[in-house]
Amino acid sequence: MPNPVVQPLFDLAREHGVGFYLGYAELATENGRTRRFNTAILVGPDGRIVGKYRKVHLPGHADHKPQAAFQHLEKKYFEVGNRGFRVWRFLDTITGMLICNDRRWPEAFRVLTLQGAEIVALGFNTPTENLHYPEPPALRVHHHLIMAQAMAFQNATWLVETAKCGFEDGFRMFGHSLIVAPTGEIAVKSATEEDEVIFFNADIDLAANLKRTMFDYAAHRRPEHYKLIVERIGAEVTPSSD
């Protein structure tokens, strides 16, 4: 990055003094090994790459499912990201990045805000149809919205989620890009399933009271009791003996 296809975006960023988030399929060579990641970058208003994130929570499956309406082979084509969850100084803020399915995992947001994240930028590409079990489209959108609002509020951070809309390979994408305030309120949301530009003049200091009171990490967090979060991957029934 940048390659000839996206170079105009970098040029426009420099021309207009704006930054952006860009997701792409990354082909990398590390220690003589070819690797593939689902990746996003932050590009500053000078057209310079500020930071890179490689997606950690890969959904889907690695094997072909002939009976499925469509394939979700993210686990086949990409490796789990190897850079962890990081933040960068970006447009006078501290910004972290996530990608798509990461939005369902609260640990990702908490690690970012433990590093001072004020904005979390996230791109997603979610079909209207649930591949795994029948689910009404309205319920899928409902889950998307409550996740975004809860993650923003519980981490006292602004959240910018940008969705693919329209159709891809004949399947509908449900869109619903939005910006959520640290209060959990939806500041602005796309109104259609077509291409749109939405924007909001975000007050970064809006979260200050929350960070001093309800979500004062230094005062209230008790990491000595959270060890299972990092020690255990799958759920196990482990009742207390007393």
Side-chain angles (χ1 to χ4, degrees), residues 13 16-23 40-46 48-53 55-57 81 83-124 142-163 176-191 196-227 229-230:
H16 295 286
V18 297
F20 63 92
Y21 164 115
L22 178 67
I41 53 175
L42 285 176
V43 179
D46 58 357
R48 179 178 59 88
I49 294 175
V50 176
K52 176 188 288 187
Y53 167 68
K55 185 175 179 180
V56 169
H57 297 105
R83 291 183 167 222
F85 302 108
R86 301 163 61 188
V87 300
W88 295 268
R89 296 190 181 277
F90 178 69
L91 298 176
D92 298 323
T93 71
I94 305 298
T95 299
M97 286 185 284
L98 298 174
I99 298 174
C100 203
N101 187 46
D102 288 324
R103 73 190 193 274
R104 300 183 174 102
W105 299 91
E107 297 91 337
F109 286 86
R110 186 52 49 93
V111 171
L112 291 177
T113 55
L114 279 168
Q115 299 172 81
E118 297 169 310
I119 294 177
V120 176
L122 182 152
F124 70 97
H142 171 70
H143 289 157
H144 158 60
L145 297 178
I146 62 172
M147 282 189 296
Q149 292 178 263
M151 295 303 182
F153 173 63
Q154 290 178 345
N155 293 280
T157 184
W158 286 90
L159 174 58
V160 180
E161 293 196 357
T162 305
H176 284 80
S177 297
L178 75 168
I179 299 173
V180 186
T183 57
E185 298 167 284
I186 295 176
V188 63
K189 182 172 72 68
S190 59
E196 290 184 56
V197 174
I198 63 173
F199 62 93
F200 190 79
N201 186 12
D203 179 2
I204 299 301
D205 293 331
L206 182 63
N209 285 332
L210 283 171
K211 290 178 177 177
R212 284 195 299 263
T213 57
M214 187 179 299
F215 297 116
D216 182 343
Y217 290 173
H220 306 309
R221 276 178 45 82
R222 295 292 175 260
E224 67 271 21
H225 296 297
Y226 308 154
K227 293 181 179 179
I229 289 178
V230 295

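FYI, the numbering just counts along the sequence from 1.
Remark: Thr162 OG1 to Ile198 CD1 distance equals 7.0 Å, nearest 0.5 Å. Taking CZ of Arg48 as the start and CD1 of Ile41 as the end, the distance is 12.0 Å to the nearest 0.5 Å. Put simply, CG on Leu159 and CD1 on Ile119 are 10.0 Å apart, with the number rounded to the nearest 0.5 Å. Of the inter-residue distances, the one linking Gln149 atom CD with Thr183 atom OG1 reads 9.0 Å to the nearest 0.5 angstrom. To the nearest 0.5 Å, atom OG1 of residue Thr113 and atom CE of residue Met151 are 11.0 Å apart. Here the CZ atom belonging to Phe90 is positioned 11.5 Å from the OH atom belonging to Tyr21, to the nearest 0.5 angstrom.
A 4.5 Å side-chain heavy-atom check between His57 and Arg104 finds every atom pair outside the cut-off. In this structure the side chain of Ile204 reaches within 4.5 angstrom of the side chain of Trp158, judged on heavy atoms. At least one side-chain heavy atom of Phe153 sits under 4.5 Å from a side-chain heavy atom of Met214. Using a 4.5 Å heavy-atom threshold, the side chains of Phe200 and Leu178 count as separate. Side chains of Ile94 and Arg89 form a contact here, defined as non-hydrogen atoms less than 4.5 Å apart. Counting only heavy atoms from C-beta outward, the side chains of Leu98 and Trp105 never approach each other to under 4.5 Å. A 4.5 Å side-chain heavy-atom check between Asn209 and Arg212 finds at least one atom pair inside the cut-off. Side-chain atoms of Lys55 and Asp102, non-hydrogen and from C-beta on, do get closer than 4.5 Å to each other.
Nearest heavy-atom pair, Ala152 versus Val180, reported as atom, atom and distance to 0.1 Å: CB-CG1, 3.6 Å. Shown here for Phe215 and Ala156, the closest heavy-atom pair between the two residues is CD1-CB, 4.4 Å. Among all heavy-atom pairs drawn from Leu42 and Met97, the shortest one is CG-SD, 3.5 Å. Summarising the geometry of Gly44 relative to Ala13, their closest heavy-atom pair is O-CB, 4.1 Å, with the distance given to 0.1 Å. Taking all atoms of both residues into account, the shortest heavy-atom contact from Ala207 to Pro182 is CB-CB, 3.5 Å. Residues Ile99 and Ala40 approach most closely at CD1-N, 3.7 Å, considering heavy atoms.
Between the side chain of Thr95 and the main chain of Trp88, no donor-acceptor pair closer than 3.5 Å is present. Looking at Gln115, its side chain does come within 3.5 Å of a backbone N or O of Phe85 through a donor-acceptor pair. A donor-acceptor pair under 3.5 Å links the side-chain atoms of Arg110 to the main chain of Gln154, judged by distance alone. Between the side chain of Tyr217 and the main chain of Leu114, no donor-acceptor pair closer than 3.5 Å is present. A donor-acceptor distance shorter than 3.5 angstrom exists from the side chain of Arg103 to the backbone of Cys100, with no hydrogens or angles considered. Between the side chain of Glu161 and the backbone N or O of Leu122, no donor-acceptor pair lies under 3.5 Å. Counting only distance, with no hydrogens or angles, the side chain of Thr157 and the backbone of Glu118 share a donor-acceptor pair below 3.5 Å.
Ring geometry for His176 versus His144: interplanar angle over 60°, hence perpendicular rather than tilted (30 to 60°).
Listed by chain and number, the residues in a ring pair (Phe, Tyr, Trp, His ring centres under 6.0 Å) with Phe20 are Phe10 (sequence neighbours excluded).
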